[in-house]
Amino acid sequence: MSRPPTTRRLALAVPAALGAFALTVLPAAATSTPAQIATSKTNGVAYLKSLQAADGSYAGTGLSNEWAFSAFAAAGTAVVDVAPGGDTTKNARTVYRNLLSTAGWPSATPVVTDYERATLNAYAAGIDPARVSASRNLIADVYGYWQNAEAGYFGPSATYNGTVFAGLALAGAKTQTGVRRVPQALLDKVVTRIRANQHHDGGWDFQKAEGNPTRLSAPGDVDMTGASMAALCAAGVPNTDADVVQAKAFLKSKLVAANGAFNALYGVNTNSNGWAVAGLNACGINPQTGDFLTTLGKTPVDFLIAQQYNPGGGFKYKSTDTAPSAYASIDALRAVAGGGFTAAPPTPVTAGAPKWVAASAFTPGTATELALTVDDGTGNLKVCAVAFTATAATTTLGDVLDAAATSATPSGCVTGVTPSSGTGTITTLNGKANSGSQTWKVSVDGSAFAAASRGRTIGVGDTIALRWGA
């Protein structure tokens, strides 16, 4: 992801506001009880709240702590309820949404993981990632990195983690009603690539391994194994699947009996443990029983809680560290709370604060994007972000397809549509014509597929899937 690998994860200085509060006695090691987990969550949330800047921000230029939003959500705290000094005008959700809505975000040279990270954390914060604003659609931003020449990869295939986190983001960031918004055909392509990158030892790492015998024979990495198995399960792969079972066995082989830690590529550390536990959580595998309860009675959750300062709530990166780390605390809390790599937003306690915020309409004259897939029924899936300038509060499917023919990233999503005008039923798309019961159908935001017509109304942030078939 956009965070550095384990060796380069920085242990941050303890915020002055915490003082000695954060550096109090660590708990005694024991198999973690529900009460201990509840205390860890409470104290962990308090520590992450202390990381908020005076302006309400967690993200911006330089080092970013917005991953705290996924940890807050997993622990049952609504991000809109996190405000410096109780100033609700500076709540973390509003500040983050404003940041994502700026034209200059994320940078002049963005990469796909910028948008995947934002998708996962916006969702956890209660910001519909497809409707951050009338101009910002994070789902479309991710779609724009689809690799036509290597279907299923997002971003350069050599950087495998971009594809893993595309799977996590697109499968995990559901609609406001809890429906998966992207078509299964897209997720199946991602699953195929994840499977192809699994090393012979059952693990994965940050680099592409597909088609490379040397890389496939190299040792896997605990961190990316957790993320990869989570992506598989988020896409609908069951935890009884052979590749998930192999991943589970890989993690079991790295378990340290004495303390429940995983012996990661760069040694025992909190971040790697957090990613591994998040992967187990995402696949519905209990990290405190069975294969993950050691012969000495320790579990990965025990190790994480043993890394926590109480009552300060921060977590150390290494056992020998003398101060908590922001990233370690985020990864650990999310895992201890039972989360994967994102979580649905909890109901806020702030009076009048909605669970979700989202743009409700296009703004005429404003450039925007929509996410589009075209499945011709032969496995030749097209994926793209369609750019256009809105002329009204809504648009039509016909206008989106016309725009896709000239303004799609990547190009080639739409090469032609019949009829070319009007509001009638779409009879031919990309040279493939309706034939009997085999016709073009459309789904919006995961709805049931229905007959596709040019006049179908399309709203801001709609995720559009076209499919030829019965």
Side-chain angles (χ1 to χ4, degrees), residues 101 115 119 127-144 146 170 173-177 179-186 356-376 381-430 432 434 439-469:
S101 299
Y115 300 110
T119 297
I127 304 166
D128 188 328
R131 300 172 176 87
V132 177
S133 70
S135 59
R136 174 66 68 195
N137 180 337
L138 293 169
I139 303 299
D141 287 330
V142 174
Y143 270 35
W146 173 266
L170 297 177
K174 297 180 173 64
T175 66
Q176 296 176 41
T177 58
V179 175
R180 184 182 292 157
R181 70 182 80 217
V182 305
Q184 189 63 43
L186 186 159
W356 290 98
V357 289
S360 59
F362 294 115
T363 299
T366 298
T368 190
E369 287 183 314
L370 288 170
L372 172 67
T373 56
V374 179
D375 180 358
D376 68 1
L381 184 70
K382 301 292 186 181
V383 179
C384 62
V386 181
F388 63 99
T389 298
T391 59
T394 62
T395 187
T396 65
L397 179 59
D399 285 344
V400 173
L401 296 178
D402 292 344
T406 58
S407 303
T409 305
S411 61
C413 213
V414 173
T415 56
V417 57
T418 302
S420 60
S421 62
T423 61
T425 299
I426 292 172
T427 57
T428 303
L429 183 60
N430 293 352
K432 188 148 191 174
N434 293 345
T439 62
W440 284 102
K441 298 176 175 63
V442 64
S443 165
V444 174
D445 277 357
S447 66
F449 280 89
S453 66
R454 286 188 60 93
R456 169 72 183 259
T457 298
I458 299 296
V460 64
D462 283 351
T463 300
I464 306 165
L466 283 156
R467 185 183 73 188
W468 187 91

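Numbers for residues simply follow the sequence, beginning at 1.
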Student: Determine, for Arg181 against Asp128, whether the closest basic-nitrogen to carboxylate-oxygen distance falls under 4.0 angstrom.
Tutor: yes

Student: Are the side chains of Arg454 and Pro419 in contact, using a 4.5 Å heavy-atom criterion?
Tutor: yes

Student: For Tyr143 and Leu186, run side chain to side chain contact (heavy atoms under 4.5 Å, CB included): C-alpha distance rounded to whole Å, both residues' side-chain angles, the deciding distance at 0.1 Å, then the answer.
Tutor: CA-CA 10 Å; Tyr143 270 35; Leu186 186 159; 3.5 Å; yes

Student: Can you name the nearest heavy-atom pair linking Ala134 to Thr363, along with the distance?
Tutor: CB-OG1, 3.3 Å

Student: To check you understand the geometry: which heavy-atom pair defines the closest contact between Ser135 and Ala367, and what is its length?
Tutor: CB-O, 3.4 Å

Student: Could you state the interatomic distance from CG (Asp402) to OG (Ser407), rounded to the nearest 0.5 Å?
Tutor: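 Between atom CG of Asp402 and atom OG of Ser407 there are 10.5 Å.
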
Student: With heavy-atom distances below 4.5 Å as the criterion, would you say the side chains of Glu369 and Ile139 are in contact?
Tutor: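 The answer is no, as the side chains (C-beta and beyond) never meet within the 4.5 Å cut-off.
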
Student: Write down the atom of Pro364, the atom of Ala392, and the distance for their closest heavy-atom approach.
Tutor: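 Looking at all heavy atoms of both residues, the closest pair is CG-CA, 3.9 Å.
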
Student: Could you check if a side-chain atom of Lys382 sits within less than 4.5 angstrom of a side-chain atom of Leu466, using non-hydrogen atoms only?
Tutor: no

Student: Can you see which heavy atom on Gly446 is nearest to which on Val179, and at what distance?
Tutor: O-CG1, 3.9 Å

Student: Under 3.5 Å, is there a donor-acceptor pair linking the side chains of Lys441 and Ser443?
Tutor: no

Student: How far apart are the closest heavy atoms of Ala358 and Gln176, and which atoms are they?
Tutor: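 Minimum heavy-atom contact is CB-NE2, 3.5 Å.
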
Student: Side chains of Ile464 and Leu397: closer than 4.5 Å at any heavy-atom pair?
Tutor: yes

Student: Is any side-chain heavy atom of Phe362 closer than 4.5 Å to one of Thr395?
Tutor: yes

Student: What salt bridge (charged side-chain N to carboxylate O under 4.0 Å, His left out) pairs are there with at least one residue in residues 385-397, not counting sequence neighbours?
Tutor: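 Sorted result for residues 385-397: empty, none.
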
Student: Nearest 0.5 Å, please: how far is CG in Leu429 from OG1 in Thr415?
Tutor: 7.0 Å

Student: Hey, could you give me each pair passing disulfide bond (SG atoms under 2.5 Å apart) that has a residue in residues 389-424? Not counting sequence neighbours.
Tutor: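 Those involving residues 389-424 are Cys384-Cys413.
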
Student: Between the main-chain N or O of Lys174 and the side-chain N or O of Arg180, is there a donor-acceptor pair closer than 3.5 Å?
Tutor: no

Student: Atom CG of Asp462 and atom OG of Ser447: how far apart are they, to the nearest 0.5 Å?
Tutor: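 Those atoms lie 9.0 Å apart.
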
Student: Let me see the working for Thr423 and Thr396 under side chain to side chain contact (heavy atoms under 4.5 Å, CB included), right down to the final yes or no.
Tutor: CA-CA 9 Å; Thr423 61; Thr396 65; over 6 Å; no

Student: Does Val444 reach the side chain of Ile458, with side-chain heavy atoms less than 4.5 Å apart?
Tutor: yes

Student: For Asp445, enumerate each residue passing the salt bridge (charged side-chain N to carboxylate O under 4.0 Å, His left out) test, keeping only those at least two apart in sequence or located in another chain.
Tutor: Arg131

Student: Does the side chain of Asp376 reach to within under 4.5 Å of the side chain of Trp440, using non-hydrogen atoms?
Tutor: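 Side chain of Asp376 against side chain of Trp440, heavy atoms only: contact under 4.5 Å found.
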
Student: Hydrogens and angles aside, do Thr366 and Thr368 bring a side-chain donor and acceptor to less than 3.5 Å of each other?
Tutor: no

Student: Could you report the tightest heavy-atom contact between Leu370 and Ala140, atom names first, then the distance?
Tutor: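 Shortest heavy-atom contact: C-CB, 3.7 Å.
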
Student: Within a strict 4.5 Å, meaning less than it, do heavy atoms of the Ile426 and Thr418 side chains meet?
Tutor: no

Student: Please determine whether side chain to side chain contact (heavy atoms under 4.5 Å, CB included) holds for the pair Asn137 and Val460, giving the CA-CA distance in whole Å, both sets of side-chain angles, and the decisive distance to 0.1 Å.
Tutor: CA-CA 9 Å; Asn137 180 337; Val460 64; over 6 Å; no

